[in-house]
There are 2 protein chains.
Amino acid sequence: MYQQRKPALDARAKVLKAMAHPSRLFILEVLEAGERCVCDLTEMIGSDVSTVSKHLSVLKQAGIVADQKRGNQVFYQLRVPCILNFFGCVETVLQSQARDHAATLSLVGR
Amino acid sequence: MYQQRKPALDARAKVLKAMAHPSRLFILEVLEAGERCVCDLTEMIGSDVSTVSKHLSVLKQAGIVADQKRGNQVFYQLRVPCILNFFGCVETVLQSQARDHAATLSLVGR
DNA sequence: TGTTTATTTGGCAATATAGCCAAATAAACA
DNA sequence: TGTTTATTTGGCTATATTGCCAAATAAACA
């Protein structure tokens with residue numbers, strides 16, 4: 001049952017895990033508008049360059065972005081643009097949580 | 001730039017993180033067909049009950065599943081069914097990786 | 001009530017992740 | 001060539017995650 005699905009689920013989990021970090025989600029949002037060099041992304045995020053570089057390497061390893069060296073710098077681009085439509089559903093989860101939270105608060109308030 | 005998006009991205013990352021494990025993805029697939037007790041899921045997965053219970057608690061915490069106690073047992077159900085459509089895009093990523101891998105192999109084979 | 005069954009929780013060890021600094025690499029340019 | 005700029009890698013510490021076992025909790029049932 002599970003053992004049979006395991007390889008496919010491992011692969012999916014790997015992609016989700018690569019996305020599951022706020023800086024990496026931010027990178028994906030920025031790249032949606034077009035490619036960017038590491039220096040741009042670093043400035044936007046405000047972490048150390050080495051940290052941003054490692055985030056990019058995680059996304060690259062997962063096959064979500066591709067890189068291209070031009071001259072001095074390295075440009076990253078989205079390889080899988082649909083990755084961002086993707087969030088309609090995530091937002092549904094978040095909204096239902098917000099709803100529940102509000103309901104809880106109103107109960108507590110009685 | 002990033003700081004402004006951070007709260008929303010943190011929330012999204014939390015949901016993705018909760019999903020990013022093969023056993024938890026399996027649970028979501030099973031629950032898509034209907035609610036299940038912890039005992040069923042435990043048998044299907046083949047880990048310790050306590051491990052499965054903790055996976056369920058991660059999914060619950062993220063708002064993806066809900067639980068309901070009936071008599072002796074606890075039934076879990078999907079709260080956000082769209083969570084599984086969600087994977088069309090993930091599969092795209094995985095297929096493009098497979099393609100690249102094949103291309104690499106064919107280059108190596110020359 | 002005492003026992004069995006289902007589930008959760010605490011605690012622990014192994015492993016993975018995040019983020020920083022410093023050092024290595026590589027291209028551009030004086 | 002020597003220097004500056006951009007990026008990656010190694011190394012480290014702090015923190016989080018995973019999965020097991022044992023113990024706690026709770027419902028069912030004899």
Side-chain angles (χ1 to χ4, degrees), chain A residues 1-3 5-7 9-28 30-31 35-62 64-77, chain B residues 1-3 5-7 9-28 30-31 35-62 64-77:
Chain A
M1 190 76 189
Y2 173 60
Q3 286 311 316
R5 293 286 295 132
K6 185 104 185 346
L9 297 175
D10 279 340
R12 287 182 176 188
K14 220 167 277 180
V15 175
L16 291 174
K17 206 165 165 182
M19 298 174 66
H21 187 286
S23 298
R24 296 198 290 265
L25 289 178
F26 179 76
I27 290 170
L28 296 182
V30 171
L31 295 187
E35 61 167 25
R36 288 288 192 163
C37 64
V38 180
C39 49
D40 282 353
L41 295 168
T42 299
E43 192 185 337
M44 293 188 238
I45 293 175
S47 306
D48 193 88
V49 206
S50 69
T51 300
V52 174
S53 175
K54 279 174 184 172
H55 283 311
L56 286 165
S57 133
V58 169
L59 291 170
K60 183 180 162 189
Q61 189 90 12
I64 302 171
V65 304
D67 63 334
Q68 197 185 358
K69 182 152 200 173
R70 288 207 297 279
N72 219 359
Q73 37 197 19
V74 179
F75 291 86
Y76 281 82
Q77 63 182 170
Chain B
M1 191 71 191
Y2 175 58
Q3 285 312 315
R5 293 286 296 132
K6 186 106 186 346
L9 297 176
D10 278 340
R12 288 182 175 188
K14 220 167 276 180
V15 175
L16 291 174
K17 206 166 168 183
M19 299 174 66
H21 186 286
S23 298
R24 296 197 290 264
L25 289 177
F26 179 77
I27 290 170
L28 296 181
V30 171
L31 295 187
E35 62 165 25
R36 288 287 190 164
C37 65
V38 180
C39 48
D40 282 353
L41 294 168
T42 298
E43 192 185 336
M44 292 189 239
I45 292 175
S47 305
D48 193 89
V49 206
S50 69
T51 301
V52 173
S53 175
K54 277 174 185 171
H55 282 311
L56 286 165
S57 132
V58 169
L59 291 171
K60 182 179 161 189
Q61 189 90 13
I64 302 171
V65 304
D67 63 334
Q68 194 186 0
K69 182 152 198 172
R70 287 206 298 279
N72 219 359
Q73 36 198 16
V74 179
F75 290 87
Y76 280 82
Q77 64 182 167

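Numbered from 1 within each chain, the chains take letters A, B, ... in sequence-line order.
- Residue contacts shown for B:K60 are absent, as no nucleic acid heavy atom lies under 4.0 Å away.
- Nucleic acid contact class of B:R70 (heavy atoms, under 4.0 Å, all strands): none.
- Pair assignment for C:dA30: D:dT1, on the basis of Watson-Crick or G-U wobble contacts that are both within less than 3.5 Å.
- Considering only side-chain atoms of A:K17, the nucleotide from C:dT8, D:dG10, C:dT17 that sits closest is C:dT17.
- When rounded to the nearest whole Å, the span between CG of B:N72 and C1' of C:dT3 equals 12 Å.
- Applying the Watson-Crick and G-U wobble criteria (two distances, each under 3.5 Å), D:dT25 pairs with C:dA6.
- Of the side-chain N and O atoms in B:H55, none sit less than 4.0 angstrom from OP1 or OP2 of D:dT17.
- Straight-line distance from the CG atom of A:D67 to the P atom of C:dT25: 19 Å, rounded to whole Å.
- Separating the CD atom of A:Q68 from the C1' atom of D:dT8 is a distance of 18 Å, rounded to the nearest angstrom.
- Residues B:F75 and A:G71 each lie close to DNA chain C; by heavy-atom proximity, the contact nearer the 5' end of the strand is made by B:F75.
- Taking 4.5 Å as the limit, every side-chain heavy atom of A:V38 sits out of range of all side-chain heavy atoms of A:D67.
- Ring geometry, B:Y2 versus A:F26: the interplanar angle exceeds 60°, so the pair is classed perpendicular (tilted spans 30 to 60°).
- Between A:S53 and A:L56, the closest side-chain pair of non-hydrogen atoms is not below 4.5 Å.
- Shown here, D:dA14 forms a base pair with C:dT17; the pair counts as Watson-Crick or G-U wobble because both key distances fall under 3.5 Å.
- As a whole-Å value, the separation of B:L41 CG from C:dA6 C1' is 13 Å.
- To the nearest angstrom, C1' of C:dG10 lies 14 Å from CG of B:D48.
- The shortest side-chain heavy-atom distance between B:I64 and B:V58 does not fall under the 4.5 Å cut-off.
- Between B:K14 atom NZ and D:dA16 atom P there is a gap of 12 Å when expressed in whole angstrom units.
- B:S50 comes within 4.0 angstrom of a nucleotide base, judged by non-hydrogen atoms across all strands.
- Checking C:dA6, D:dT8, C:dG11 against the side-chain heavy atoms of B:K54 singles out C:dG11 as nearest.
- Within the 4.0 angstrom heavy-atom criterion, no nucleotide atom of any strand lies near A:S57.
- Per the geometry, CD1 belonging to B:I27 stands 11 Å off P belonging to D:dG19, to the nearest Å.
- Taking every heavy atom of both residues into account, A:L9 and B:P22 meet most closely at CD1-O, 3.7 Å.
- Following rounding to the nearest Å, A:Q61 (CD) and C:dA18 (C1') show an atom-to-atom distance of 16 Å.
- Among the nucleotides D:dC20, C:dA26, C:dT5, the one closest to any side-chain atom of A:K69 is C:dA26.
- OP1 or OP2 of D:dT8 has at least one side-chain nitrogen or oxygen of A:S53 nearer than 4.0 Å.
- With hydrogens and angles ignored, no donor-acceptor pair under 3.5 angstrom links the side chain of A:S47 to the base of C:dC20.
- Contact between A:L16 and B:A20 at its shortest, heavy atoms only, is CB-CB, 3.7 Å.
- Considering only the side chain of A:Q73, D:dA6 comes nearest among D:dT18, C:dT7, D:dA6.
- Here A:Y76 lies in heavy-atom contact (under 4.0 Å) with sugar-phosphate atoms only.
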